[in-house]
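Take a look at the structure set out below.
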Amino acid sequence: MIGFEFVLPAILGLPLVGAVLIFYFGFAPNARETVTLLTAGSLFALVTTLIDPVMAGERPEVVLFEMLPGLALALHAEPLGLIFALTASFLWIVTSVYSIGYMRGHHEKNQTRFYVFFAISITAAIGVAVAANLLTLFVFYEVLTLSTFPLVAHHGSDKAKRGARVYLGILMTTSILFLFVAIIWTYLATGTTDFTPGGILAGKVSGPAVGVLLALFAFGIGKAALMPFHRWLPAAMVAPTPVSALLHAVAVVKAGVFSVVKVIVYIFGIDFLAGEPSGGWLVWVAGFTIVAASLVALRQDNLKRRLAYSTISQLSYVILAAAILAPISVVGAAMHIAAHAFGKITLFFAAGSIMVASHKTEVSQLDGIGRRMPWTMGAFAVGAVSMIGLPPTVGFVSKWLIVDGAVATGNWVALGVIVLSTLLNAAYFLPVVHAAFFKPEEALPHGDSHSGDEEAHGHSVIHDHGESPLPSVLALTITAAGTVILFFTADAPLALARLLTGG
Amino acid sequence: MAVTAFGLIRIRNLFAVAMLFGVFSLVAALLYVIMDAVDVAFTEAAVGAGITTVLMLGTLALTSSVEKTHGPRNLLAMAVVLVTGAGLIYGTLDMPAYGDPDAPIHRHVADRYIGKSGAEVGPPNVVTSVLASYRGYDTLGEVTVIFTAAVGVLILLGRGRGRHTRRRPEDEPELWRGDERRLRDHRETEL
Amino acid sequence: MEFPGLFNYWVAVVLMMAGFYIVIAQGNLIKKVVGLNIFQVSVFVFYISMGKVKGGTAPILDEGIQLYSNPLPHVLILTAIVVGVATTALALALVVRIRDAFETIEEDETDALEAEDEAR
Amino acid sequence: MTPHLPVLQVVIPLMAAPICVVLRQATAAWLLATGVTWSAFAISLMLLSQVMDGGVISYELGGWVAPWGIEYRVDPVSALVLVIVSAIGSVVMPYAKKSVEAEIAEDRIYLFYTMYLLCLTGLLGIAITGDAFNLFVFLEVSSLSTYVLIALSHERRALTAAYRYLIMGTIGATFYIIGVGMMYMMTGTLNMADLAQRLPEVAETRTILVALAFLTTGISLKLALFPLHVWLPNAYAFAPSVVTAFLAATATKVAVYVLIRIFFTVFGGVDVFVGLGAGKALMLLALVGMVAASVTAVYQDNVKRLLAYSSVAQIGYMILGISLVSVTGLTGGIIHIFNHALMKCALFLVLGAVSLRLGTVRLQDMAGLGRRMPLTMAAFVLAGLSLIGVPLTVGFVSKWTLLQAALEKDLWLVAAAIPVTSLIAVVYIWKVVETAYFRPVPHGAAEISEAPASMLVPIWIMVFACLYFGIDATWTLDVARSAAILLLGGAP
């Protein structure tokens with residue numbers, strides 16, 4: 001058994017060392033990619049060593065150093081963070097495999113820069129996951145924002161820069177303007193920023209101030225994409241597909257909702273917040289975001305944009321689940337972080353594969369593509385099912401828990417939202433699947449894509465294409481399988497998630 | 001004195017301005033004598049009226065001697081000046097009356113200078129004692145300022161010629177000034 | 001005795017403001033320097049005024065004199081005068097250089113030329 | 001040796017300056033100046049450790065007891081400022097050699113170092129002296145040398161910038177003298193500690209009120225407090241690179257220090273902020289300055305001037321910290337003096353390297369520079385992030401402390417202004433970063449190489465300092481806090 005004082009800094013340092021090595025091996029792509037995969041693999045292995053002790057009830061904490069007097073940069077391991085860290089580190093492996101196929105198949109430039117910043121982003125995401133206090137969380141949160149900027153702006157074109165600017169602008173604005181203030185407020189009110197089971201704010205803040213503080217946190221964590229601060233996600237669609245996967249599944253948005261849940265559970269405390277009526281608005285905002293984003297998704301023809309709005313909607317599921325403030329729904333929230341990660345990454349991988357293989361980006365172009373790319377579209381179908389929340393996928397498990405919590409607390413608003421959005425989810429995903437497999441392939445050549453998307457190179461002739469490169473297909477098959485496997489083995493993560501509420 | 005000052009605002013010929021400024025300085029020096037500040041009066045007469053005027057004339061020789069146009073009367077400047085002036089007048093209201101021997105200014109540090117400097121330092125001129133001893137450090141600073149200005153002028157105007165003799169810091173300030181003037185005279189003759 | 005008591009200070013203030021006005025309102029660079037000098041000299045007058053003791057004499061120790069004017073302001077002003085001249089010398093040197101570079105010593109004209117530089 | 005440290009601190013560079021003139025040789029002058037600055041740095045560190053261990057040091061010049069003689073007084077605040085000034089002064093020196101050779105005529109270089117040392121002397125003298133009039137003398141030493149240093153640039157606009165600075169600086173100094181004169185008139189002393197004891201008796205008089213107003217205005221001119229900052233942008237933009245880096249990191253900081261001195265030591269026994277209303281007025285100016293100058297910075301095309309406006313905004317932060325009049329606020333103000341010195345110095349040094357290689361610092365000419373000078377621009381990014389206030393950099397520490405101070409007092413508007421200006425900082429820093437990294441190198445651009453090692457090392461020293469003191473701010477915060485407590489405790 002390795003000591004925690006070693007493991008916790010190690011899972012933080014490993015991807016960082018990886019980043020340095022990747023940079024060093026930039027001249028030799030094969031060596032570089034080997035390093036990436038090795039780092040990702042060993043990171044996941046390291047994180048898994050934390051499972052047993054955490055399950056056994058240990059909550060190890062490591063203080064790295066004191067940053068401000070009385071405020072340390074510290075790491076700890078607890079169930080919620082562990083779920084996030086496991087998800088992120090596992091998906092990093094898969095994403096790396098996929099990236100290799102995608103980046104080479106697509107002849108991207110600046111590949112070394114891509115892998116380096118990807119590794120740094122993972123470092124930051126792990127840092128967010130194991131942060132022991134708000135200050136540490138904030139530090140890694142900002143590092144994550146900054147390190148993903150070069151990824152979003154990867155193409156360097158004007159459009160990419162514009163998208164990246166919106167991305168950076170919104171995330172920076174919300175975090176500095178709201179989150180930063182909220183953290184200092186919390187610190188002044190309580191004298192600490194440590195994440196503590198049961199919360200630290202009880203008795204320190206009361207009345208309307210609780211609602212305001214909650215708002216500062218909820219909107220300040222812009223990565224959770226709560227409306228109206230969701231614009232950065234569609235804007236970031238200019239990035240290459242592996243980056244989208246990183247944003248939507250592996251790290252960024254997950255770090256957002258994770259932080260929100262963590263703040264609700266460990267800073268406010270579920271019981272405290274449940275007793276304060278001024279915090280009740282969050283359910284409404286989250287519910288509104290779910291429905292509104294779904295409606296917008298329905299109208300998007302660009303596949304990636306449709307997925308982006310779907311993400312916005314799904315993220316608010318997590319926030320909604322946490323805001324219901326029932327122990328069982330908080331477990332659901334934790335589960336949904338993992339569930340959505342696996343489902344959405346599959347969908348993005350599929351969208352990227354379609355683009356690499358056929359240069360198609362619009363939903364309306366996908367008629368009959370399932371016959372040319374059966375593996376890809378099969379995986380897409382599985383991912384979609386998980387998004388809708390049907391068995392036998394993990395999406396069903398998390399949704400079930402959330403509904404359970406809503407019923408238990410009699411939160412009919414939440415329940416209505418979930419039912420409605422499930423229908424909407426089906427409405428925007430199933431037609432894609434249907435068209436891919438059951439509509440005949442269009443014979444006429446397509447003109448330039450109407451979206452003007454950078455990645456659509458305007459091939460005027462449909463060329464004969466099959467599946468995308470093997471690594472990509474492999475990756476999306478793994479994640480699709482993951483959603484199914486997690487459904488059948490949900491007990492393990494659930495056991496971990498249940499520790500959250502002491503249940 | 002006020003007349004000369006206001007005259008300066010209006011006159012455009014810069015030669016006249018320079019001369020008038022000399023007159024202004026001399027009047028100030030006279031005032032100093034009336035107010036018992038003989039040392040200061042000497043310095044003002046020599047430095048203010050003398051050197052400054054020479055400097056100005058020197059500069060005028062190098063540039064143009066007539067001020068070109070007046071812009072429109074600057075109301076903002078006037079407002080700033082009036083506000084500042086009003087503030088100062090307001091501040092004077094609580095000042096001790098002119099020449100009052102009981103004002104705090106005369107009761108604290110100055111007493112000791114007058115009372116003991118003869119014994120502690122030596123020279124009968126208290127100003128000299130204070131300058132050289134009690135506040136000798138200010139004088140060192142003053143020398144440094146002159147040195148700075150001299151080197152500065154040298155850098156700005158000495159066109160690649162490093163011809164100037166080294167002066168030792170313990171020299172009297174007067175000598176320094178003379179040196180500076182020599183420097184400038186030298187430059188003028190070259191042009 | 002209120003009025004004459006403060007009269008000296010008021011004169012100093014008026015002179016200061018005349019100098020100050022020249023500095024900020026005049027466009028000619030040399031005249032600004034002149035204004036600066038007037039401003040400073042007036043401050044000196046102000047200092048010397050406060051050092052004066054009615055009935056006192058110059059602070060040179062001598063038998064039989066009891067009342068001296070305050071020597072400290074004199075010392076300060078000696079220093080300040082020298083500093084002022086140094087500043088003036090430097091300012092005038094700068095004016096000469098500006099004249100070399102811009103061929104004018106009027107502020108509005110240098111401003112215009114600077115704007116041209118900016119546009120380049 | 002040790003008891004004479006305070007005087008050595010100032011006198012060593014002072015004496016070295018004339019020697020520089022005698023040497024008449026560029027390299028020799030550079031060597032001497034480097035040695036002197038580093039020894040000044042060592043002395044300041046010793047002083048700081050002495051002060052932190054043993055309390056305030058008082059040194060009587062010429063053996064005359066204050067208030068009759070002139071006193072040097074070192075407390076945590078002045079010790080910290082001494083360290084900042086001499087540290088920046090010494091770290092810049094290795095960098096200066098190449099940069100100065102490129103920007104200043106060969107035969108004037110030794111005089112440049114003379115001026116540089118004099119400027120250092122003046123700034124150190126201001127920080128260490130305990131006498132109000134002596135401060136004026138050193139203020140003039142530093143100012144005069146600064147004017148010359150700015151005018152040394154071969155850019156002709158530097159001359160007018162220096163002239164404008166001279167006029168405004170002299171007005172500021174004269175205002176200061178008027179203020180000192182009035183205080184002297186009412187108390188009969190010039191020693192700061194003595195003044196602090198005697199002022200409360202006469203604090204109610206109009207004369208003292210006006211004296212305070214004049215002191216504040218005079219110093220505000222020097223520290224470029226909005227709206228008295230008009231001299232600063234051009235002065236910084238057109239001065240030689242080394243000078244800009246040095247001045248940006250030290251000159252305004254020392255002026256802020258003087259303001260702190262006047263408010264908290266000299267007027268320590270007087271209720272300056274609430275009673276005389278200075279707090280509100282300063283806070284307002286600071287806030288307006290922060291926002292207005294930041295916005296102006298966004299529209300600048302010359303990157304040096306962009307950073308100069310950003311300096312004006314950052315000075316607003318310091319003044320804001322002072323105007324909050326709480327231990328936390330003052331700590332924030334003081335620590336920002338330190339932190340901002342580090343990051344601005346780094347940024348301006350980067351620009352010096354850019355101008356050495358590229359010959360210009362205009363934004364459009366910097367396209368694609370990230371590829372051509374990777375190490376230099378990476379330093380710019382890191383220091384820029386610090387300016388924004390990203391965690392793990394010094395900027396974050398300042399903002400954390402200031403925001404905390406604002407929230408302590410429930411000043412929500414102030415609390416909002418701090419993040420808002422950070423966001424504007426994101427905009428102007430990002431403008432540069434994007435140009436340097438995501439814009440292609442213009443066609444036909446001359447081949448350029450990375451900056452020489454003698455420049456990169458100082459740049460990266462500053463950048464690492466930005467990171468180090470951002471990651472572990474306990475030491476700096478301790479010093480700043482003890483200084484703040486001392487200042488608020490009613491003065492030494």
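In what follows, every chain begins at residue 1, and chains take the letters A, B, ... in the order their sequences are listed.
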**Item:** C:Ala93 versus B:Val153, closest heavy-atom pair with distance
**Value:** CB-CG2, 4.1 Å
**Asked** Are any of the side-chain heavy atoms of C:Val82 and B:Val145 separated by less than 4.5 Å?
**Response** no
**Asked** Which residue out of C:Leu29, C:Val33, C:Ile77, C:Val83 racks up the most heavy-atom pairs below 4.5 Å with chain B?
**Response** C:Val83
**Asked** Is it the side chain or the backbone of C:Phe46 that comes within 4.5 Å of chain B heavy atoms, both, or neither?
**Response** side chain
**Request:** Please round to the nearest 0.5 Å and tell me the distance separating atom CD1 of C:Ile30 and atom CG of B:Leu55.
**Result:** 11.5 Å
**Shortest non-hydrogen contact from C:Leu90 toward B:Ala149** = CD1-O, 4.0 Å
**Separation between CG of B:Leu140 and OG1 of C:Thr79, rounded to the nearest 0.5 Å** = 11.0 Å
**Prompt:** When B:Thr52 is tested against each of C:Thr88, C:Val41, C:Ile81, C:Val34 for side-chain contact (heavy atoms from CB on, under 4.5 Å), which residue passes?
**Reply:** C:Thr88
